[in-house]
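Report on the following structure.
Letters go in sequence order (proteins before strands), and every chain restarts at 1. Values below: all heavy atoms of this structure, side chains included; hydrogens, waters and symmetry mates excluded.
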Protein chains: 2
Amino acid sequence: MCIAGGAITGFSPEAAQPKSPAGERTPQRAASRHVAAHDHLYYEGDARDCLYVVESGWVKLYRTLIDGQRQIVGFANKGSILGLESDVEHSNGCEAVTPVSVRCIPMARVTEICLNDGKLANQLLRQVGRQLGAAQAQLAAVGTQSAEQKLANFLLTICDLCDDANDGQFDMPMRRGDMAEFLGLRLETVSRKMSEFQRRGWIRMESLYHCRIVRRDILESLGEGGTADDGPILRAS
Amino acid sequence: MCIAGGAITGFSPEAAQPKSPAGERTPQRAASRHVAAHDHLYYEGDARDCLYVVESGWVKLYRTLIDGQRQIVGFANKGSILGLESDVEHSNGCEAVTPVSVRCIPMARVTEICLNDGKLANQLLRQVGRQLGAAQAQLAAVGTQSAEQKLANFLLTICDLCDDANDGQFDMPMRRGDMAEFLGLRLETVSRKMSEFQRRGWIRMESLYHCRIVRRDILESLGEGGTADDGPILRAS
DNA sequence: CGCGCGGTTGATCAACCTCAACCCGCGTGG
DNA sequence: CCACGCGGGTTGAGGTTGATCAACCGCGCG
């Protein structure tokens with residue numbers, strides 16, 4: 001789902017001189033940074049002078065194509081490392097979906113890690129590997145699945161990723177448009193399908209950003225491409 | 001385009017005991033392996049006991065979804081490293097498109113590299129990063145572009161990747177179906193669009209698997225989302 | 001010769017997009 | 001206080017793209 005889990009440990013706060021990467025919000029001393037919801041952590045094309053480890057909150061990573069279309073290539077929360085896909089410039093933009101705090105790791109320190117701390121380097125390599133796998137999985141989903149399948153799988157993934165409240169209820173902090181850009185759909189389509197899922201009783205939206213999965217079984221079969229056997233449409237229009 | 005270029009150097013033939021990973025074609029002594037076109041290098045779910053570096057030929061990497069649909073997540077040729085996205089099992093299948101030769105690097109050696117050779121570890125990390133970036137780019141393409149854009153960009157990318165014959169002619173060893181599975185289309189759609197490109201004079205198929213780009217400018221503008229100004233349709237039906 | 005594989009082409013159809021109206025909650029300013 | 005606008009979401013009508021189903025072609029091969 002391109003929603004890479006898998007925390008990485010070992011980047012202790014020590015070391016990592018602030019280094020103040022060009023502008024805005026110089027970190028205190030422990031190279032940590034907070035950004036408000038809908039603010040950018042960095043833009044496409046910005047110099048990549050450090051990697052970030054998400055400590056709390058959700059961010060979205062996206063690309064803008066030449067014609068202005070956008071694709072969200074991943075959401076990330078606690079434990080994810082940001083910036084590994086880039087070389088000297090960030091090839092993704094990164095925007096906070098919720099309030100977010102991240103730890104900065106100057107690139108100099110990263111190469112230093114590779115040179116000296118093999119254990120950590122190996123761990124880092126596995127993290128990128130996981131991200132690559134996640135990206136490929138999402139590619140497969142976007143390339144082959146129907147709107148219904150995409151949405152069903154998306155809801156299930158987000159649900160499973162929110163370790164809090166695990167009885168099928170969860171916060172889904174992204175907007176409809178974000179989901180659409182992630183799934184390769186239009187926001188109207190997402191909205192329609194969400195409504196449909198709810199009408200049929202598969203899910204229940206307690207609020208716009210809080211969802212409860214009622215019929216996980218059906219969503220799962222739907223996500224796998226099975227037909228949902230056209231369960232009853234509650235209060236059919 | 002998920003067609004990761006960027007050769008990696010430094011994996012010299014020495015070391016790397018054959019180790020003969022379960023069955024078929026035990027490599028000579030220098031941990032090198034040859035596979036015929038349309039044979040598999042490995043399948044989804046196979047144990048990942050080594051990484052491979054492509055020495056010559058083209059392979060395709062794909063995933064199969066639960067409902068049997070397939071998505072090609074990347075093509076790879078000379079210099080690419082295969083298997084980095086996986087953990088203990090290969091999460092992609094890998095099939096030779098043309099005859100292929102690869103060099104095997106036992107996983108033990110990979111971790112050893114991380115522990116001892118920081119220089120190489122760093123290089124490895126960058127390779128995965130590139131692959132991740134490529135996967136994200138492809139995700140963006142599949143998620144947002146029209147069939148026409150996808151195909152135009154695809155042709156251009158393949159062309160640029162074939163360092164041989166660089167005057168717009170190139171071998172395109174994959175089948176129509178492969179392109180379709182890569183671009184998130186159906187093979188009929190690919191076929192139709194290819195025919196259309198040719199009718200309009202943008203490209204010329206010398207043979208089924210050899211293409212010459214005639215109007216690179218138009219393909220480029222098309223790929224960026226611009227309309228091709230509806231150039232003349234040669235021999236309109 | 002017949003068959004199978006890969007590709008092309010045509011007709012039809014449905015999924016999804018597009019455009020547009022509308023709703024609701026909220027913050028702002030008169 | 002209310003009017004207003006705005007952002008985000010929902011819903012509807014209609015159009016287009018690309019999928020589906022099916023026929024057909026050319027070629028290589030047993």
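- Considering only residues two or more places apart in sequence or on other chains, A/Glu44 meets the salt bridge (charged side-chain N to carboxylate O under 4.0 Å, His left out) condition with none of them.
- With rounding to whole Å, A/Met194 atom CE is found 12 Å from D/dT11 atom P.
- Not a single donor-acceptor pair under 3.5 Å links the side chain of B/Glu95 to the backbone N or O of B/Leu61.
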When every nucleotide of nucleotides 14-30 of chain D is labelled 5' to 3' by its protein contacts under 4.0 Å (heavy atoms), B for base, S for sugar-phosphate only, - for none, what sequence of letters results? ----SSBB---------

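- The shortest distance between the side-chain N/O atoms of A/Tyr209 and the OP1/OP2 oxygens of D/dG8 is not below 4.0 Å.
- Ring orientation note: the planes of A/Tyr62 and A/His40 are nearly perpendicular, at an angle over 60° on the 30°/60° scale.
- Between A/Asp178 atom CG and D/dG7 atom P there is a gap of 16 Å when expressed in whole angstrom units.
- Protein atom CD of A/Gln69 is 11 Å distant from nucleotide atom C1' of C/dC17, rounded to whole Å.
- C/dT8 atom C1' lies 10 Å from atom CG of B/Leu208, rounded to whole Å.
- Counting only distance, with no hydrogens or angles, the side chain of B/His210 and the backbone of B/Phe170 share a donor-acceptor pair below 3.5 Å.
- Per the geometry, CD belonging to B/Glu181 stands 12 Å off P belonging to C/dG7, to the nearest Å.
- Regarding A/Met205, its CE atom lies at a distance of 13 Å from the C1' atom of D/dT10, rounded to whole Å.
- For the side-chain contact (heavy atoms from CB on, under 4.5 Å) test, residues two or more places apart in sequence or in another chain that qualify with B/Ser101 are B/His34, B/Glu55, B/Ser56.
- Without hydrogens or angle criteria, A/Asp46 side chain to A/His90 main chain gives no donor-acceptor distance under 3.5 Å.
- Atoms CE (A/Met172) and P (D/dG8) sit 15 Å apart, rounded to a whole Å.
- When the P atom of C/dC5 is taken as reference, atom CZ of B/Arg175 falls 11 Å away, rounded to whole Å.
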